[in-house]
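Treat the numbers as computed from the prediction; the structure is a model and nothing was measured. All heavy atoms count here, side chains included; hydrogens, waters and symmetry mates do not.
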Amino acid sequence: MGQSASSVAGAQNRIKFKASPVIFSSMKESDDSEDVVVDVFDVGYFDYSSNLPDECLACIFHFLSSGDRKSCSLVCRRWLRVEGQSRHRLSLNAQSDLVAVVPLIFSRFDSVTKLALKCDRRSTSIGDAALVLISLRCRNLTRLKLRSCRELTDAGMEAFAKNCKGLKKLSCGSCAFGAKGMNAVLDNCSLMEELSVKRLRGITDGAAAEPIGPGVAGGSLRVICLKELYNGQCFGPLIIGSKNLRTLKLFRCSGDWDKILEVIAEQVSGLVEIHLERLQVSDTGLAAISKCSILEILHLVKTPECTNNGLKIVAESCKLLRKLHIDGWKTNRISDEGLIAVAKHCPNLQELVLIGVNPTCASLEKLATNCLNLERLALCGSETVGDPELSCIAAKCIALRKLCIKSCPVSDQGMEALAGGCPNLVKVKVKKCRLVTSESADWLRTTRGSVAVNLDTPEPENPDATSASDGGVPEVGNENRQVTGQVRGVNIASSSTGRSNSFKARLGLTAGRNLVACTFRRWSSFGGSSSSRNN
């Protein structure tokens with residue numbers, strides 16, 4: 001009643017604190033049981049982080065995103081210094097003008113161990129001088145990623161390798177240096193564990209190509225990934241000489257790989273993961289792979305010369321197989337015969353992805369009966385997978401947790417079978433299955449409340465539009481070209497008064513259908529939520 005406005009405001013600005021001689025060192029000591037009333041205006045702008053050691057502040061920064069770290073560096077000079085000294089990962093726009101600011105950048109970020117240098121294809125990239133300067137500032141570098149650095153030469157890579165001998169991982173794509181630069185890295189970096197090379201333009205084609213590897217890195221390399229190399233077989237000595245190699249990935253590398261795979265299998269016995277995509281390899285190469293008795297992961301993607309015979313040889317010898325991905329490219333050269341062999345000899349199978357392959361109840365029942373740990377199954381573009389096959393899966397696959405069906409002739413009847421089977425099922429994806437309605441998907445969600453059901457209803461057919469494939473997974477490159485062309489068509493149509501609205505609508509529907517197909521690849525790998533060990 002009798003209080004003035006100023007006294008009320010003063011009471012609102014008072015906060016109770018427990019007496020703490022660490023935080024409030026200027027305050028008088030008092031009994032722990034007593035509360036100390038401190039006026040907010042008396043405290044002022046007290047820096048509560050000033051009593052935190054730099055190490056604790058750096059530890060806090062490690063839990064923040066890159067954007068939040070940037071914001072924190074603007075708070076004060078101390079935070080700017082600690083944030084820079086504690087940052088271990090850095091990505092830079094590797095244009096030619098970067099060389100002028102390299103000393104300034106790495107004076108602040110002097111603890112970087114993982115560096116990415118990426119340049120736009122339309123810009124001039126950094127050259128040897130900048131890379132050498134970076135190597136002098138970052139002698140503790142363990143990981144380096146180079147993208148479209150076309151001005152780098154063999155001499156620059158050699159100088160870099162001599163300064164950063166602790167490098168463990170190198171990833172380069174669309175660079176212009178060649179075999180000499182790569183050999184310099186392999187000869188100096190004895191701790192190298194992972195090498196990824198894509199479109200290395202400096203490699204001489206033909207018989208004049210200089211062999212690459214193994215160097216001192218051959219004893220430590222665990223992972224080798226080669227992509228889109230015109231003469232990728234010059235890496236043969238490196239692969240053969242990497243005695244401790246665990247993972248080999250070959251994507252769209254020209255040449256006959258059967259003979260090289262035979263030598264690799266003889267010399268490298270510890271391979272547990274092999275990816276072969278768009279490669280000239282036949283059953284002879286698969287027979288060589290079968291000698292890798294501890295193989296756990298095998299991807300055969302668009303290798304049309306591989307047949308049931310080769311798959312049977314692999315299954316009979318590689319009994320520890322856990323993950324098998326096959327894209328048969330609708331050649332029908334891998335079918336029930338090969339899959340039954342897998343079911344018979346590979347009881348540890350946990351993940352099976354079949355694209356453009358036509359299994360029937362005969363092989364699916366064998367897989368479900370013998371592979372009791374089968375948790376993830378994807379069937380895409382299979383003309384023989386209908387309601388009976390889906391019912392077989394529901395009844396037999398007890399351990400199944402994730403199921404993907406795409407472009408298969410299944411209907412609501414098959415969806416109903418899932419309601420009473422697969423007791424451990426947690427996720428179902430159905431795409432481009434025209435006989436499956438949204439009502440059956442809703443009913444399955446209601447019946448199995450713990451199962452996430454994802455149904456993509458196909459768009460109406462457009463007779464004027466062309467598609468990459470009716471049932472299989474379209475190639476990403478083709479999809480991009482189609483979508484780009486359609487987008488351009490939409491822009492032109494919008495500026496022209498002669499085109500009809502229905503024509504514009506058809507273009508939009510076609511682009512949407514291709515984009516849906518493109519997104520399927522992200523899920524079909526099952527990498528993100530796999531409960532098994534991903535080597």
Could you go through residues 213-221 and list every donor-acceptor pair under 3.5 Å that involves a side-chain atom there, pairing it with any protein atom two or more places apart or in another chain?
unit_1: S220; atom_1: OG; unit_2: S190; atom_2: O; d: 3.0
unit_1: S220; atom_1: OG; unit_2: M192; atom_2: N; d: 3.3
unit_1: S220; atom_1: OG; unit_2: M192; atom_2: O; d: 2.5
unit_1: S220; atom_1: OG; unit_2: A217; atom_2: O; d: 3.3

Enumerate donor-acceptor pairs with a distance under 3.5 Å from any side-chain N or O in residues 354-365 to protein atoms, sequence neighbours excluded.
unit_1: N358; atom_1: OD1; unit_2: E383; atom_2: N; d: 2.9
unit_1: N358; atom_1: ND2; unit_2: N332; atom_2: OD1; d: 2.8
unit_1: T360; atom_1: OG1; unit_2: D336; atom_2: OD2; d: 2.3
unit_1: T360; atom_1: OG1; unit_2: A362; atom_2: N; d: 3.4
unit_1: S363; atom_1: OG; unit_2: D336; atom_2: OD1; d: 2.5
unit_1: S363; atom_1: OG; unit_2: T360; atom_2: O; d: 3.2

Would R222 and E193 count as a salt bridge (Lys or Arg N to Asp or Glu O under 4.0 Å) if you check the C-alpha gap in whole Å, the side-chain angles of each, and the deciding distance to 0.1 Å? CA-CA 5 Å; R222 300 290 188 274; E193 296 178 356; over 6 Å; no
Inset, instruction - Check the pair K180, E158 against salt bridge (Lys or Arg N to Asp or Glu O under 4.0 Å), reporting the backbone distance first and the verdict last. - result: CA-CA 8 Å; K180 291 183 178 179; E158 183 177 1; over 6 Å; no
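For N424, there are no side-chain hydrogen bond (donor to acceptor under 3.5 Å, both in side chains) partners two or more places apart in sequence or in a different chain. Residues satisfying the salt bridge (Lys or Arg N to Asp or Glu O under 4.0 Å) test with K259, not counting sequence neighbours, are none. Applying the side-chain hydrogen bond (donor to acceptor under 3.5 Å, both in side chains) test to T307 and every residue at least two apart in sequence or in another chain returns D283. Under the side chain to side chain contact (heavy atoms under 4.5 Å, CB included) criterion, D442 pairs with R445, not counting sequence neighbours. Among residues two or more places apart in sequence or in another chain, the side chain to side chain contact (heavy atoms under 4.5 Å, CB included) test is passed with S254 by Y230. Looking at residues two or more places apart in sequence or on another chain, you find a side chain to side chain contact (heavy atoms under 4.5 Å, CB included) between C318 and L295, V314. Contacts of E266 classified as side-chain hydrogen bond (donor to acceptor under 3.5 Å, both in side chains), with partners at least two apart in sequence or in another chain: K291. The side chain to side chain contact (heavy atoms under 4.5 Å, CB included) search around A399 returns none, not counting sequence neighbours. Evaluation of the ring pair (Phe, Tyr, Trp, His ring centres under 6.0 Å) rule for H299 yields H275, H325 as partners, not counting sequence neighbours.
At least one donor-acceptor pair closer than 3.5 Å links the side chain of T142 to the backbone N or O of T113. Checked by atom type and distance alone, the side chain of N373 never pairs as donor or acceptor with a backbone atom of N348 at under 3.5 Å. Between the side chain of D456 and the main chain of K429, no donor-acceptor pair closer than 3.5 Å is present. The backbone N or O of D256 lies less than 3.5 Å from a partner atom in the side chain of Q233, making a donor-acceptor pair. When atom types are taken as modelled, the side chain of D258 and the backbone of G285 share a donor-acceptor pair closer than 3.5 angstrom. A distance-only check finds a donor-acceptor pair linking the side chain of R448 to the backbone of L418 [under 3.5 Å]. Within the 3.5 Å criterion, the main-chain N or O of K366 finds no donor-acceptor partner in the side chain of T369.
Across all their heavy atoms, L311 and L339 have their closest contact at CD2-N, 4.3 Å. Taking all atoms of both residues into account, the shortest heavy-atom contact from M157 to L152 is SD-CD1, 4.5 Å. Between T447 and A419, the closest heavy-atom pair is CG2-CB, 3.9 Å. For N231 against C234, the heavy-atom pair with the smallest separation is O-SG, 3.1 Å. Heavy-atom minimum distance, C408 versus G381: SG-N, 4.2 Å.
Annotation: side chain of L250 is not in contact with side chain of V281 (no heavy-atom distance under 4.5 Å). Residues W443 and E416 form a side-chain contact, since some pair of their non-hydrogen atoms from C-beta on lies under 4.5 Å apart. L271 is listed as a side-chain neighbour of L245, based on a closest heavy-atom distance under 4.5 Å. Side chains of D412 and E439 form no contact here, defined as non-hydrogen atoms less than 4.5 Å apart. No side-chain heavy atom of I398 sits less than 4.5 Å from a side-chain heavy atom of L372. The closest side-chain heavy-atom distance from I203 to F235 is below 4.5 Å. Side-chain contact check for L261 versus I274: every heavy-atom pair is 4.5 Å or farther apart. Contact check for S438 versus L455: side-chain heavy atoms found under the 4.5 Å cut-off.
Of the candidates K323, R246, R322, R322 is the only one forming a salt bridge (charged side-chain N to carboxylate O under 4.0 Å, His left out) with E296. Applying side chain to side chain donor-acceptor pair (under 3.5 Å) to E277 and the options K227, K249, K302, R252 leaves one that passes, R252.
For residues 386-395, the side-chain hydrogen bond (donor to acceptor under 3.5 Å, both in side chains) pairs, not counting sequence neighbours, are D387-S411.
More than 12 heavy atoms of other shown residues, nucleotides or ligands fall within 6.0 angstrom of atom CD in E305.
Between the side chains of R150 and S125, no donor N or O sits under 3.5 Å from an acceptor N or O.
Summarising the geometry, atom CG belonging to L141 is positioned 11.0 Å from atom CG belonging to N163; distances are rounded to the nearest 0.5 Å.
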